[in-house]
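Here the structure is laid out as structure tokens; the discussion comes afterwards.
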Amino acid sequence: MLKIHNSQTRKKEVFKPITPGKIKMYVCGMTVYDLCHLGHARVLVVFDTVTRYLRYGGYEVTYVRNITDIDDKIINRANENGEDFSALTERFIQAMHEDAAQLGVLVPDEEPRATASMPDIVDMIQTLIDKGYAYTTQGDNKAEEGRDNYQGDVYYDVSAFAGYGKLSGKKLDDLRAGERVAVDERKHDPLDFVLWKAAKPGEPSWDSPWGKGRPGWHIECSAMSTCCLGNHFDIHGGGQDLQFPHHENEIAQSEAATGETFVNLWMHNGFVRINDEKMSKSLNNFFTVREILKLYKGEEIRYFVLASQYRSPLNYSDQLLDNARTALSRLYNTLRGLEIPASVDESDSAIEKFKQAMDDDFNTPEALAVLFDLANQVNRLRDVDEKAAAKKASVLKTLANVLGLLETDAEQFLHAGARTSDNGENIETMIEARNTARENKDWTEADRIRDELDAMGVVLEDKDGKTVWRRS
RNA sequence: GAGCUGAUGGCUGAACGGUAUGGCGCUGAUCUGCAAAAUCAGAAAAUCUGGGUUCAAGUCCCGGUCAGCUCUCCA
């Protein structure tokens, strides 16, 4: 029985799809004006794992992860670089896809982009105006400087939507009391937010009934999710920081526009922290995925992410990445050299334990514990009954694959270095030289070679008269 | 100021109210020429603090301390 924590009720709830056997999930992806950092990696990995597990459970999942490819930060960055905004976003979309692939993140079923969804966005805004949930500032030409062709922004009228605050558990009055932003006089209420932003000269823009402009940040997700998944779908996810105001606003927009419940269950993953502070661009304390990939493999980063429950904060440290590396090596070492059958013993008790862990709000740390228990069993069996060990190993591999781990061939993984790029030929030659020395009982020479390899980051293991190696 | 989380061994992180799971690290043994890997055993070893409920509390309730987060762009 799958239970998932719903941020809206702050409780674990028994999950029940709208249509039996099918799940529609939307996750807020990236705003593509820069490289992915570890926080983005966490969202990618967490919801990829959720999708994999739901599919493993037999659900037919439609996973949509959007790309925000137009907003103020993109425009600013493109201006700084002196390039067209679309050249900038294309570059970072490409980079994101590469990072995601390194992390073992599967391609989502759909990846809608804001700029490719303008008709839907405009339609939804128009509907909101028609239904009295939004207003234009047309004709109000006090206008900001520089907006020669200023025709008007469109704002969402928060007071018109009775349910505002239900996701974040906030009251309108409390929000107003805590208001920190300078009051924008064109808004009827300081909490009203922009749906359509009139373009300044030279800015990228799209036609609309209210003049040239671009969508506000929140409306694109309402439009794209509804468009891809329908008015009412099962799961909406994203980082914790999106709960308010982004997701609150999405609910207000979508439910006002469609008159239906927007989403059944909200999932928010916790932050990545560094020195007990949120990793973020504004604090400038972030590591990009690329930087980390210079030192660690994507799968090691993935393990590091999955070693914590997705709602907990995840502290970054080199030691934890090292830890992930060692732990993952242990699992791969376990699989190494075994002829793993394709079929899996479905009656293995580990499978039930694994499912129990994952059914409990995707408890990946507990699921990993099940994997290590399996590894221990395989290692105990392998000297006694290699066939039984291989059979057990196939359970290990299958379950690990559900987490997106152990998908690489063990030999290949252990030989691959995050840091090195030599092809291993030299290593084989040195190992042969060492084994010759060992045959001659020239331990000094043998150890000298082993130390040399060690300095190259290569660890040797002598077993059954053969020598295998792996990267440290 | 308002609100929300969390606090578990050297580190990390689990645990339907029933004396605490794993991983990493550390010590010893087995194996090995020595290692590594693996297995076995182990460590003066831990539930922030003060109350309460209960036969029984890491787990539920109240207070305190500390930390993080949200209320502003952010995964």
Side-chain angles (χ1 to χ4, degrees), chain A residues 7 10 27-31 33-34 36-47 68 71-73 76 165 168-171 173-182 191 217 237-246 248 268-273 276-283 286 303-304 307-309 311-315 317 319-320 322-331 333-334 336-337 353 356-357 360 363-373 375-376 378-383 414 438 441-444 446-447 450-451 454 459-463 467-470 472:
Chain A
S7 323
R10 291 195 205 90
V27 171
C28 288
M30 275 193 64
T31 301
Y33 70 103
D34 208 341
C36 290
H37 66 230
L38 201 50
H40 301 111
R42 190 176 195 192
V43 188
L44 292 171
V45 168
V46 162
F47 288 100
T68 298
D71 89 325
D72 290 357
K73 272 183 286 204
N76 292 340
S168 50
K170 293 179 189 304
K171 297 183 189 115
D173 286 343
D174 291 346
L175 284 167
R176 291 191 185 106
E179 190 63 46
R180 281 193 249 156
V181 217
L191 296 175
W217 176 40
Q240 196 122 65
D241 41 3
L242 298 186
Q243 186 169 354
F244 190 90
H246 184 55
E248 191 71 62
H268 292 99
N269 65 274
F271 298 126
V272 175
R273 287 202 230 163
D276 277 335
E277 273 188 327
K278 174 182 172 181
M279 179 182 285
S280 75
K281 301 248 174 175
S282 46
L283 288 170
F286 60 93
Y303 180 98
F304 160 73
S308 309
Q309 212 273 348
R311 286 187 287 121
S312 312
L314 176 61
N315 261 304
S317 77
Q319 194 200 343
L320 289 175
D322 286 341
N323 186 330
R325 164 171 292 166
T326 314
L328 204 50
S329 289
R330 175 173 160 82
L331 294 177
N333 258 323
T334 302
R336 192 177 208 180
K353 284 184 200 155
Q356 270 178 24
D360 183 15
N363 191 338
T364 51
E366 192 62 27
L368 287 173
V370 175
L371 299 190
F372 282 100
D373 184 48
N376 179 262
V378 173
N379 284 322
R380 272 186 301 178
L381 278 171
R382 72 188 305 153
D383 290 334
L414 293 165
R438 288 173 74 213
K441 300 206 186 300
D442 184 353
W443 308 126
T444 313
D447 291 350
R450 187 168 62 194
D451 289 346
D454 188 59
V459 179
L460 302 185
E461 293 174 26
D462 299 323
K463 50 183 158 192
T467 302
V468 295
W469 62 275
R470 63 184 165 84
S472 60

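On a predicted model such as this, the values are computed, not experimentally measured, just so you know. No hydrogens, no waters, no symmetry mates; every other heavy atom, side chains included, goes into these values. Letters A, B, ... mirror the listed sequences (proteins, then strands); counts begin at 1.
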Margin query: Taking the side chain as everything from C-beta on, heavy atoms only, tell me whether A/Tyr33 gets closer than 4.5 Å to A/Asn76.
Written below: no
Notebook entry, point to check: Is the count of non-hydrogen atoms from other residues, nucleotides or ligands lying under 6.0 Å from A/Lys281 atom NZ greater than 12?
Noted result: yes
Note to self: Regarding A/Val272, tell me which of base, sugar-phosphate or nothing describes its non-hydrogen contacts under 4.0 Å with the strands shown.
What the structure shows: base
Checklist line | Euclidean distance for C1', B/rA35 against B/rA43 (whole angstrom) | finding: 24 Å
Note to self: Going by the rule ring-ring contact (aromatic ring centres under 6.0 Å, His included), which residues pair with A/His37 if we only count those two or more places apart in sequence or in a different chain?
What the structure shows: A/His40, A/Phe286
Check: What residues, two or more places apart in sequence or in another chain, satisfy side-chain contact (heavy atoms from CB on, under 4.5 Å) together with A/Arg311?
Finding: A/His5, A/Lys12, A/Gln309, A/Asp361
Item checked: Pairwise C1' distance for B/rG25 and B/rG63, with rounding to whole Å -> 38 Å
Check: When the distance from CG of A/Leu242 to C1' of B/rC71 is rounded to whole Å, what number comes out?
Finding: 15 Å
Next item on the list: Select base, sugar-phosphate, or nothing to describe what A/Gly169 touches, counting heavy atoms under 4.0 Å on all strands.
Entry: nothing
Margin query: Roughly how many Å apart are B/rC66 and B/rA29, using the C1' atom of each and rounding to a whole number?
Written below: 43 Å
Next item on the list: Using atom CZ of A/Arg176 as one end and atom P of B/rU70 as the other, report the distance to the nearest whole Å.
Entry: 22 Å
Check: Which nucleotide, B/rA14, B/rG22, B/rA75, lies nearest any side-chain atom of A/Phe372?
Finding: B/rG22
Check: CG of A/Asp360 versus P of B/rU59: gap in Å, rounded?
Finding: 18 Å
Item checked: Under the 3.5 Å Watson-Crick or G-U criterion, the dot-bracket string of RNA chain B, with | for inter-strand pairs -> (((((((..(((.....[...))).(((((.......))))).....(((((..]....))))))))))))....
Checklist line | Interatomic distance at C1', B/rG50 relative to B/rC73, whole Å | finding: 42 Å
Notebook entry, point to check: Contact class for A/Ser168 vs. all strands (heavy atom < 4.0 Å): base, sugar-phosphate, or nothing?
Noted result: nothing
Check: Can you give one letter per nucleotide of nucleotides 33-42 of chain B, 5' to 3': B if a protein heavy atom sits under 4.0 Å from the base, S if only from the sugar-phosphate, - if neither?
Finding: BBBBSSSS--
Item checked: For A/Glu277, side-chain contact (heavy atoms from CB on, under 4.5 Å) partners two or more places apart -> A/Asn285
Item checked: Interatomic distance, A/Asn269 CG vs B/rC69 C1' [rounded to whole Å] -> 13 Å
Next item on the list: Could you please name the option among B/rC71, B/rA14, B/rA75 that lies closest to any side-chain atom of A/Thr31?
Entry: B/rA75
Notebook entry, point to check: NA contact type, A/Gln309, heavy-atom cut-off 4.0 Å: base, sugar-phosphate, or nothing?
Noted result: sugar-phosphate
Check: Given atom NZ of A/Lys171 and atom C1' of B/rC4, what is their separation to the nearest angstrom?
Finding: 13 Å
Check: A/Lys170 versus A/Glu248: any side-chain heavy-atom pair under 4.5 Å?
Finding: no
Margin query: Taking any heavy-atom pair under 4.0 Å as a contact, classify A/Gly39: base, sugar-phosphate, or nothing.
Written below: base
Check: What closest approach, in Å, do A/Arg438 and A/Ala446 show between heavy atoms, and which atom pair accounts for it?
Finding: CG-CB, 3.6 Å
Checklist line | Least distance between heavy atoms, A/Asn379 atom then A/Arg382 atom | finding: O-CG, 3.5 Å
Next item on the list: Would you mind telling me which residue lines up with the more 5' stretch of RNA chain B, A/Lys281 or A/Asp322, judged by nearest nucleotide?
Entry: A/Asp322
For a quick test of your reading: what N or O donor-acceptor pairs under 3.5 Å do the side chains of residues 363-372 of chain A make, sequence neighbours left out?
residue  : atom : partner  : partner atom : Å
A/Asn363 : OD1  : A/Glu366 : N            : 3.2
A/Thr364 : OG1  : A/Leu306 : O            : 2.7
A/Thr364 : OG1  : A/Ser308 : O            : 3.4

Next item on the list: Please measure how far the C1' atom in B/rG58 lies from the corresponding atom in B/rA14, and state the result in whole Å.
Entry: 11 Å
Margin query: Measure CZ/A/Arg273 against P/B/rC11 and give the value in whole Å, please.
Written below: 16 Å
Next item on the list: Provide the closest heavy-atom pair for A/Met30 versus A/Cys36 in the form atom of the first, atom of the second, distance.
Entry: SD-SG, 3.0 Å
Item checked: Residue A/Gln319, side-chain atoms from C-beta onward, closest of B/rC73, B/rC11, B/rC69 -> B/rC11
Item checked: Nearest-Å distance for atom pair CG/C1', residues A/Asn323 and B/rG25 -> 9 Å
Margin query: Can you measure A/Asp276 atom CG to B/rC66 atom P for me and round it to whole angstrom units?
Written below: 15 Å
Margin query: Students often get this wrong, so: under 4.0 angstrom with heavy atoms, is A/His246 touching a base, only sugar-phosphate, or nothing?
Written below: nothing
Notebook entry, point to check: What distance, rounded to whole Å, do you find between the two P atoms, one in B/rA38 and one in B/rU49?
Noted result: 36 Å
Check: Which whole number of Å gives the distance between the C1' atom of B/rU59 and that of B/rG6?
Finding: 14 Å
Check: C1' atom, B/rG18 versus B/rU12: distance in rounded Å?
Finding: 27 Å
